[in-house]
Amino acid sequence: MGMEQVGLLPAILAGAFVVVALFNAFLPRRGDWLVILAMLAVIVIGFLVIKDFQTYFHDGEFMPRGENAYSFEWVNIGDGLFVIDFSTWVDSITVVMITVVSIVALMVMVYSVGYMHGEQRYGWYYAVLALFTAAMLTLVISGNLLITYFAWEGVGLASFLLIGFYWERQSAAEAAKKAFITTRIGDVGFLIGIILLWREAGTFDIQQIIHFAEEGGFGETYLTVTMLFLFMGAVGKSAQFPLHVWLPDAMEGPTPVSALIHAATMVVAGVYLVARMMPVFDQVLIARDVVLYTGLITAAMAATMGLVASDIKRVLAFSTVSQLGFMFVALGLGSVSAAMFHLFTHAFFKALLFLGSGSVIHATERQEVEYLGGLRKKQPITAATFIIGSLALAGIIPLAGFWSKDEILHTSLNEGSLPVYVVLATTAVLTAIYTTRLVLLTFFGEPRDHHAYDHAHESPRIMTMPLLILSVLAVVAGFVVFTPVGKALGFSGGITELVFVEEPEKFHFDGAFALGATLSALFGIGIGLAYWWGRAERAERARSWAPELHALLVNRYYMDDLYQAIINRVVLGAAAVIALFDKRVVNESGIDGGAQSVSWFGFRLKFLQTGKIPNYALAMAVGVVALALVAFRTS
Amino acid sequence: MSSNDGYLLLALFLIPLGTAVLLMFVPSRERGAIIALTGAASFVLFVLSVYLFSRFDYEGAQFQGVKAWTWMENIGFLGEKGIQLKVGLDGIAAPMVLLTGIITMAGTWVSWKIQHRTKDFFILLYVLVAGVYGTFVMLDLFFFFLLYETAVLPMYLLIAVWGSTRKEYGAMKLMMMLVAASILIFTGIFAIFSEAGLASFDLTRLFGAHYDPTMQKIFFPMIAIGCGTLGGMFPFHAWSPDGHAAAPTAVSMLHAGVLMKLGAFGIIRLGFQILPEGAAFWAPGLITVGITAALYGAISALRQTDLKLMSGFSSVSHMGYVFMGLGTLNVVGMSGAVLQMFAHGVMTALFFLLIGGLYDQSHNRDIPNFSGMAKQMPIWSIFFIIGGMASLGLPGLSGFVAELHIFVGTFRAYPIVGGLAVLTAAITATYLLRMFSQAFFGEMNPRWSGLKEITWTERAGATVLVLSILALGLWPSPWVDRISTTLAHTIPGVSL
Amino acid sequence: MQRIALPSQIDRVIVGGSLVAGAVLVPVLVVLIALLGADRISGPELVWWLLALIIVAAALGAVLLRNVVRAALCLVIVALGIAGMFLLLASEFLALVQVLVYGGGVTILLLFGLMLTNAQDDPVVQDGSQKPFAFGVGIALGAVIVIAMTDATWNTGTRSVVAFRALGDRLYRDFGVPFEVASLVLLVALVGAIAISRRDRDEEEVA
Amino acid sequence: MIPLENFLVLSGILFAIGFYGVLARRSAILILVSVELMLAAVSINFVAFASYLDPDFFTGIIFSIFVIVVAAAEVGLALGIVLRAYRERATANVDEANNLKW
């Protein structure tokens, strides 16, 4: 079994989705075991696929672009004019994504057995998880932009269904709607971009488009506009500024879902897309700059918002948005490697953090930090793993987050400019601060809600096992960049060549630089410790210390309000105007008006019907005379 | 497809006609017999439709299964083969026949619930179905128009007698507008007839005839507006929301699902295939009308609170895509238009089926009155959400395939219009999701705790429709191949 | 039946009509005779002009006079004038028929109608509201006809006197069937007139 | 010889006068009188054409006879109707016979 069978990965899960969605009521345990078994099968096959892929690296032979593994025609009009191929493409980016998606998905599915225990619609939950994973795997193996879009919308649908999982809560329904519509706006751009690419290149095949672009087939302006449209899709899906507003609200979904979809996998689809299309972005540097600055703004902005958020999951959500911004900065600087590396490590420690927070929420049924505190005594495993994840996020050597974030900072200084580096470094410090705050307020100090605290307990094994596994990964995932480790994993020449396809020589560990990064992270942690160690009420003081700034951050720069105002005033206003137009002008004037004018004329004209025969005779006579005159004229 | 299949094509419209006649002799009290008869007829029609669709040879661009019976010749102004009962199928009609089969079956099942004058309802319904099938398979202009009108006219009684909410108004408005539009078509048909100078109504011969370009430019808009009114073309769409709001469930299904497609089909048959130069001249007009309708319908739908009105405006919007696709004058866009006819037909039929299932119990369709319906009627809600997802163009469902083709075709011809069209899809998502989150999700409104899940026949009908949506969405080749081959070879001046 | 005041009416009509006719006719007659003497017109033409004048004057009287009885009696003059025209056109038989039918039957019928409907009760308002329009249309129609008649060139041939016998032959041989149909029409019309105008039985009972 | 046009013009004038009478008069009887004028005008026309144009000479005259017959029948019938209407409505005024009114 090898790369030709890569299509099996989503197919198995799609089958599991259909079976569990339709028949979960008739299956023992509502079919969760079926989905998990399918996921295990996927991991096995995925492992075989990666093994197969490794053969391309034998003897240092370098195959940077992967392989078109399998394809069949979905639509073919005009004998090749308009073709949609269901083709798959496996390369190093795909391999990274398959690894991340399947590991995190399996962890989340196992964890959910405990977390979602006893839920209504338990089977449905697993079905949608299977649907999501199938769509996500399709997304990463697709070799055709339209199929990518297909899967792109599929993960969006799954995300919608899972955010709205507790749809009885109006807020969850609203969040699901918001997520769907916001990403949909990005998808409009994505689809436009795809079609614009097709318009010139005549194909949806990614490799052919890249080839076409590298040969200069596109006009520069045309390609810039196109790539910006394409990037819109990434902005929407990866919750980048200005379409980031949906992700914090998406935390209405079950926490494992947040870990899987809204931290580790789906939201990195935008990063994946830009990475996949990087050779095309390379042709238009303006578009790449847009990517860079979008990422930079998002990273900084989200980090500031994370400083004040009180919901434990929202802090993590802002942190996700911010880290995604880091990845986009790397992409904007042209470094796919750095972005993918950060994606890889981030997935593990962010999933860990989310699952950890889920463990807290599961135990206390609280998720605002003001009601938590002191939980390290009640939940030692959760607390330990959570702290590991936090340190990884903050970028403490030698945890996974350090290596990848360091690489991005490195790139920003080498490839970018000093201002970019300064902003990123500051954001990294902010990351350390809010991470520390979160850990302190949750696990240290005195419990602030004793009812919740007394109620709390350590989560069952089925939930702590994934936490432990992920915390191990959060520690070691960064080491894969080192050649000996890569070789040990079976990649001759080291895994560096796998992840760092474009620039295999690029990863340099710079001791001084790393020291600086670690010190800045420690500096952030220090600030956090100084400020919040055991003193939760400091949060209140921040509010009084700079109320305007605090309000600005808590209200997320008022962007949600702005969008709401635009929707209410502009969109619904226009709708009201048009609906009124339809009612008054089209219906009442155009149609009913036409009918009424006929009736009005009929009413007026009926008075001609006097009933008096002489009147009719007169009219007839006039007609006779007129006819005679006409006869005269013609003769 | 062999020429013997022509008998089956004829059967397509004789079976519903025969069913209507047979029903007249069934006593109204025998509900069982009525149900058995209509059930059998609709099933046979469905099987026949599927069979004909699958038997259609997608590599052949010409009419298949052609069979002709002379009716009037050498009389008056008619020459040899003046008027014939001539049937045949092409790649545009084939999906339409399939669509009619699907919706007739689902519509029949749903209508068994009707208690008031059931027999009369089915008689009219089957006359309508006969007209629809006949129009799709007729290759004679005279019978085409005759059956086109046969399909439209029963609508008045069906709405006025069995409808709801201002039914007289809706029925009258619909009828008046459609009859006025028919006058335009009628004029156009006779212009075509006399300009061709063949003394024949045979469509296949009329396709090949020569028409003066000026005449084509004058009469194409007549045909387009005439047929477009039935197709809900902006700004002649006004009958659609009111008519749908008033019509009973099965009639809404058939009307939005099939009859509106008859309008677009008429534009292709009479407009594009007979008057290609006129069509080429007016194509930018069609594009303009199409994108305006798409945006206009979608934005209007944002503001509607009545479920049926919302679906009505949604139909206006989706039919706008059809006209836009036709106006692109390239095979991809026009194939998209025909695909959209099919896709919209199925999903709008699903909408109306579900709205009917709700309204029959609640006698209320106002979205703000509902909340948390997914709790009370989960199956209903799931079906509705699937339909909505198809409507907003979610990949894997029928709407996406159709819209994608239209977008691509439009981008080829007019990129900016294409951009607006894609944006419309986002607006569609907005109004549908607003409706979902308001009506389906959230706390359940206790006022509706008495509502029951939709009946088994409704579930069966909805299942058939959802399967159709999935079939087109996941495996569009059977449709696309048939449609695109025909379009590429039968319409002069259409680019690939 | 209401009162019948025919005799005095007829006296007044005859006397007044004669006076008016004399006053108009005498000067015209003088002019015509003078023209005849100067050989500007022939004898038959003189007679034609006289008759034409009488006919037009009487016709105007029939449509303009407010008194219904006078108007009806003007019709007699028109009928007689036309009979004279027929004589000028050398068809004595038709002239005879004209005098008998119009001068006699029709006029008497009309007068009876007038009497029975009490038309003289309100003799003054006999004209309808659309009189001005009628006047315009009448003038226009007359002008159209006159222009049409004079505009055309007529290929007039020789004239001959109508032989009664030949007329009888044509009437009963060639036009036999139409003649019979016409008589049938007359019969039906008379029966119909009776049927329409007679009182219904229940009406009689009421009366 | 009297020119044909003389007769034709006379008949035209007479016809127009009768036409005016039909339109302007309000009494049903007087309308009948006017109709008779028109019929007479037509008779003159027929006879004049017969006399001047028709070698056979008879057709016009025979038509005139028919006209007179029909006129007589018509007067009889019309008077019957007028009498009937008068009994029903106590008027012979056609302006008041407006049952056809909206």
Side-chain angles (χ1 to χ4, degrees), chain C residues 44-45 48 52 55-56 59-60 62-63 68 71-72 75 78-79 82 85-86 88-91 94 97 101 105-106 109-110 113-114 116-117 119 126-128 130-131 134-135 137-138 141-142 145-146 149-150 154 156-157 159-160 162 167 170-171 175 178 182 185-186 189-190 192-193 196-197, chain D residues 1-2 4-10 12-21 23-30 32-34 36-37 40 43-44 47-48 50-53 55 57-58 61-62 64-66 68-77 79-84 86-87 92 94-95:
Chain C
E45 273 185 284
W48 187 90
I55 289 171
V56 170
L60 285 174
V63 298
V68 286
L75 183 64
V78 174
I82 285 172
M85 283 291 175
F86 288 162
L88 276 178
L89 286 165
S91 41
L94 213 50
V97 172
V101 175
V106 169
L109 265 178
L110 287 172
L114 287 173
L116 290 174
T117 58
Q126 294 301 342
D127 290 340
Q130 56 174 352
K131 195 171 162 184
F135 190 71
V137 173
L141 187 72
I145 295 176
V146 168
M149 295 298 191
T150 50
W154 303 101
T156 50
R159 296 168 54 190
S160 55
V162 181
L167 183 65
R170 287 300 299 260
L171 196 54
F175 289 90
V185 165
L186 209 51
L190 290 176
I196 288 170
S197 56
Chain D
M1 202 171 86
I2 308 163
L4 174 59
E5 281 83 356
N6 280 15
F7 290 100
L8 299 183
V9 169
L10 175 68
I13 290 170
L14 199 55
F15 188 86
I17 290 171
F19 202 82
Y20 164 76
L23 297 183
R25 288 298 200 175
R26 185 178 278 180
S27 157
I29 307 268
L30 290 180
L32 272 180
V33 168
S34 306
E36 295 301 327
L37 285 181
S43 285
I44 294 177
V47 178
S51 171
Y52 281 82
L53 300 176
F57 192 50
F58 291 124
I61 290 173
I62 288 167
S64 282
I65 292 171
F66 285 140
I68 290 167
V69 169
V70 170
E74 173 224 318
V75 168
L77 206 51
L79 280 174
I81 293 170
V82 169
L83 283 181
R84 178 74 188 211
Y86 181 76
R87 268 216 305 281
V94 291
D95 277 4

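Chain identifiers are assigned alphabetically (A, B, ...) following the order of the sequence lines, protein sequences preceding nucleic acid strands; residue numbering begins at 1 within each chain.
Your options are D:Ile81, D:Ile44, D:Asn6, and the one with the most heavy-atom pairs under 4.5 Å with chain C is D:Asn6. When each of D:Phe15, D:Phe19, D:Phe66 is checked for heavy-atom pairs under 4.5 Å with chain C, D:Phe66 comes out on top. In terms of non-hydrogen atom pairs under 4.5 Å with chain D, the most contact-rich of C:Val106, C:Val146, C:Ile82 is C:Ile82.
Separation of atoms CD1 (D:Ile68) and CG (C:Leu94) is listed at 5.0 Å; rounding is to 0.5 Å. Here the OG atom belonging to D:Ser43 is positioned 11.5 Å from the CG atom belonging to C:Leu89, to the nearest 0.5 angstrom.
The closest side-chain heavy-atom distance from C:Thr150 to D:Val9 is below 4.5 Å. Side chains of D:Ile65 and C:Val97 form no contact here, defined as non-hydrogen atoms less than 4.5 Å apart. Within the 4.5 Å cutoff, the side chain of C:Leu141 has no heavy atoms near those of the D:Tyr20 side chain.
Here the closest non-hydrogen pair linking D:Leu77 and C:Ala189 is CD1-O, 3.3 Å. When all heavy atoms of D:Val47 and C:Ser91 are compared, the pair lying nearest together is CG1-OG, 3.5 Å. Minimum interatomic distance between D:Glu5 and C:Met149 (heavy atoms only, all atoms of both residues): CG-O, 4.2 Å. Shown here for C:Gly113 and D:Ile29, the closest heavy-atom pair between the two residues is C-CD1, 3.7 Å. For the residue pair C:Ala71 and D:Arg25, the shortest heavy atom distance occurs at CB-NH2, 3.9 Å. The nearest pair of heavy atoms linking D:Leu37 to C:Ala59 is CD1-O, 3.9 Å.
For a residue to count as touching a neighbouring chain, one of its non-hydrogen atoms must lie under 4.5 Å from one of that chain's; by this rule D:Leu79 touches chain C with the side chain only. Residue C:Leu186 touches chain D through both its backbone and its side chain, counting heavy-atom pairs closer than 4.5 Å. The contact between C:Ile196 and chain D is made by backbone and side chain atoms together, counting heavy-atom distances below 4.5 Å. With a 4.5 Å cut-off on non-hydrogen atoms, D:Leu4 touches chain C through its side chain but not through its backbone. Looking at D:Ile17, both its backbone and its side chain come within 4.5 Å of chain C, counting heavy atoms on both sides.
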Check the pair C:Val185 / D:Val69 against side-chain contact (heavy atoms from CB on, under 4.5 Å), numbers first and verdict last. CA-CA 9 Å; C:Val185 165; D:Val69 169; 5.7 Å; no
Could you walk me through whether D:Ile62 and C:Leu167 pass the side-chain contact (heavy atoms from CB on, under 4.5 Å) check? CA-CA 8 Å; D:Ile62 288 167; C:Leu167 183 65; 4.3 Å; yes
For side-chain contact (heavy atoms from CB on, under 4.5 Å), just list the numbers for D:Leu10 and C:Met85, CA-CA rounded to whole Å, side-chain angles, deciding distance to a tenth of an Å, and then say yes or no. CA-CA 10 Å; D:Leu10 175 68; C:Met85 283 291 175; 3.3 Å; yes
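For C:Glu45, the side-chain hydrogen bond (donor to acceptor under 3.5 Å, both in side chains) partners two or more places apart in sequence, or in a different chain, are C:Ser42. Residues passing the side-chain contact (heavy atoms from CB on, under 4.5 Å) test with D:Leu83, sequence neighbours excluded: C:Leu116, C:Thr117, C:Ser197.
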